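These numbers were taken from a predicted model, which means no experiment stands behind them. Chain letters run A, B, ... following the sequence lines, proteins first, then strands; residues in each count from 1.
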Amino acid sequence: MDKKLVIPGEFLSDDANLADEGTYVEEGKVFSSVFGIASLKNHVRVVPLSGKYIPRPGDMIIGIVTEVSFSNWIVDIRSPYEGLLHISEFPRRIENTDMSKYLKVGDAIITLVTDVDPSMKVELTLNDQRLRQIKEGRIIDVTPSKVPRLIGRSGSMIAMLKNETNCNIFIGQNGRVWITGKGKDLELAVKAILKIERESHVSGLTDRLTRFLKEEKDKKEKKPGKERVDKEETRIEDKTEEKIEEKSEENVEAVEEEKQPEEHEKAEEKKSGGILDELLGDEK
Amino acid sequence: MSKPEKLIENGIRLDGRKPDEIRPIKIKVGVLNRADGSCYFEFGGNKVIAAVYGPREVHPRHQQKSTSAVVRYRYNMASFSVEERKRPGPDRRSIEVSKVSREALEPVIFEEYFPRSAIDIFVEVLQADAGTRTAGINAASIALADAGIPMKSLVSACAVGKVDDTLVLDLNKDEDNYGQADMPIAMTPDGKITLLQMDGHLTRDEFKEGLEMAKSGCMAIAEMQKAALLEKYSGQIGGDAIE
């Protein structure tokens with residue numbers, strides 16, 4: 001057994017060289033510094049069960065603009081510290097006076113942490129292909145320490161989730177998750193992600209999630225009497241969705257990794273034949 | 001209640017405990033949804049609730065430290081926590097308790113990990129029965145761990161005192177009121193003392209013996225604190241089942 005639940009101050013190892021995150025060394029011995037799950041493989045580290053996001057250079061995160069100052073956007077990054085997006089880090093050259101035309105208070109962005117200095121001044125950039133403003137979909141919050149679990153080993157969990165729900169999902173390192181997709185799919189994706197967050201420390205998560213997604217889908221199919229209602233619901237949602245579609249088609253793919261194109265094709269296939277078909281008909 | 005004639009009779013205290021016995025403890029972790037970490041703690045007749053927020057931005061700004069987090073501890077007694085209604089709000093006593101409790105916890109918190117931020121600890125006493133500051137520290141230390149804040153260890157606290165010329169562990173209200181000494185102590189599981197106060201008189205030997213009693217009390221409490229934290233996730237993590 002190389003994983004266990006530990007409390008702060010619990011003895012973990014005699015070898016100080018193995019000490020990694022979530023631990024501290026005293027008199028050559030390694031102790032846990034947080035309440036979390038310790039793993040003793042190779043390195044001794046403890047993943048906390050809760051805690052705030054602490055920014056690090058290189059993190060891709062989702063921020064929300066809280067203030068537009070003279071030459072910076074001040075961005076809430078779900079951390080004790082605020083992010084600063086300087087005007088020169090915007091992809092295009094813009095004037096100070098025009099700043100809130102491009103990004104205003106309340107706008108969400110996918111951004112990259114470029115630098116964090118010792119006094120925790122956090123600098124952000126939008127100067128990258130993958131970075132941009134978020135204009136549609138939904139953003140939900142999860143505990144930052146559970147982000148790795150949500151992504152899965154080399155992206156397995158998130159790839160499965162995208163595939164099963166027909167949604168595009170982007171996970172920021174700060175625990176903000178951006179989901180775009182059709183009404184019902186989106187609901188399912190949100191449910192699934194919250195389930196992962198709640199049960200991230202329990203074994204056999206991937207299997208349980210696959211089962212969960214299947215059950216949810218079966219439920220949907222087994223309600224023929226309700227179909228008319230469903231139809232109406234989708235229609236309302238689709239009005240907003242259509243606007244989104246125009247922009248997201250090109251943009252979203254740019255953000256996601258290689259897998260995206262083929263996944264999108266699959267999504268298209270599944271759509272045709274469904275109720276959505278007629279509604280999307282003219283767009284194809 | 002007027003002073004009872006004897007506080008200890010045949011080696012048994014008024015509430016039926018032996019001199020070196022602590023009162024029953026009940027702990028519940030994560031009772032508040034909005035707080036980052038929280039804990040409900042019952043220590044005999046004491047009922048306290050602790051909430052931890054942070055690390056978060058410091059308001060007012062001038063309080064912030066550029067190289068470490070500021071820890072703020074607010075101990076507050078509810079107006080209904082004692083028999084005679086307590087005038088609500090901070091008073092001399094609660095300000096003092098807040099300060100010493102903060103200093104009891106600060107040594108174990110890795111404050112330097114979070115410069116320019118604040119860690120706020122709130123302790124509300126819902127029902128008081130002597131030893132509220134120790135109950136508060138016990139609860140706050142669990143709430144800090146629940147909030148995911150890096151710490152060297154938990155802190156456990158327990159009082160020791162003298163009544164009827166006998167040293168007793170964990171005084172109750174009557175023993176506190178009519179006893180000869182009361183000495184609350186907080187320490188880490190490896191025996192480092194982070195709080196020690198005393199009112200009343202103890203001889204040198206009594207002090208030494210009392211310290212040992214308090215130590216064993218704190219160790220017993222530390223075990224319960226640990227069990228309570230682990231219980232929050234019990235049934236979910238079993239053996240080698242974690243991936």
Minimum-distance pair of heavy atoms, taken over all atoms of [X] and [Y]:
X         : Y         : answer
Gly148(B) : Ser50(A)  : N-OG, 3.3 Å
Lys121(A) : Arg116(B) : N-NH2, 3.9 Å
Pro55(B)  : Lys52(A)  : O-NZ, 3.4 Å

Under 4.5 Å heavy-atom distance to chain B, tell me which part of [X] shows up: side chain, backbone, both or neither.
X        : value
Ser79(A) : neither
Glu26(A) : side chain
Phe31(A) : neither

Can you establish whether the number of heavy atoms outside [X] located under 6.0 Å from its atom [atom1] is more than 12?
X        : atom1 : value
Phe11(A) : CZ    : yes
Arg34(B) : CZ    : no
Lys28(B) : NZ    : no
Arg56(A) : CZ    : no

Drop me the distance from [X]'s [atom1] to [Y]'s [atom2], to the nearest 0.5 angstrom.
X         : Y         : atom1 : atom2 : result
Leu154(B) : Phe35(A)  : CG    : CZ    : 9.5 Å
Tyr113(B) : Ile54(A)  : OH    : CD1   : 12.0 Å
Leu5(A)   : Glu231(B) : CG    : CD    : 12.0 Å

Atom group of [X] that falls short of 4.5 Å from chain A, counting heavy atoms:
X         : value
Pro189(B) : neither
Ala145(B) : both
Ile149(B) : backbone

Quiz item: Does Phe207(B) have any ring pair (Phe, Tyr, Trp, His ring centres under 6.0 Å) partners at least two apart in sequence or in another chain, and if so, which?
Solution: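 If we apply the ring pair (Phe, Tyr, Trp, His ring centres under 6.0 Å) test to Phe207(B), skipping adjacent residues, there are no hits.
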Practice problem: Among Gly36(A), Pro80(A), Ser119(A), Ser32(A), single out the residue with the greatest number of heavy-atom pairs under 4.5 Å to chain B. | Solution: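 Ranked by contacts with chain B, first place is Pro80(A).
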Quiz item: Is there a side-chain contact between Tyr81(A) and Pro115(B) (heavy atoms, below 4.5 Å)?
Solution: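 In short, these two side chains touch, coming nearer than 4.5 Å.
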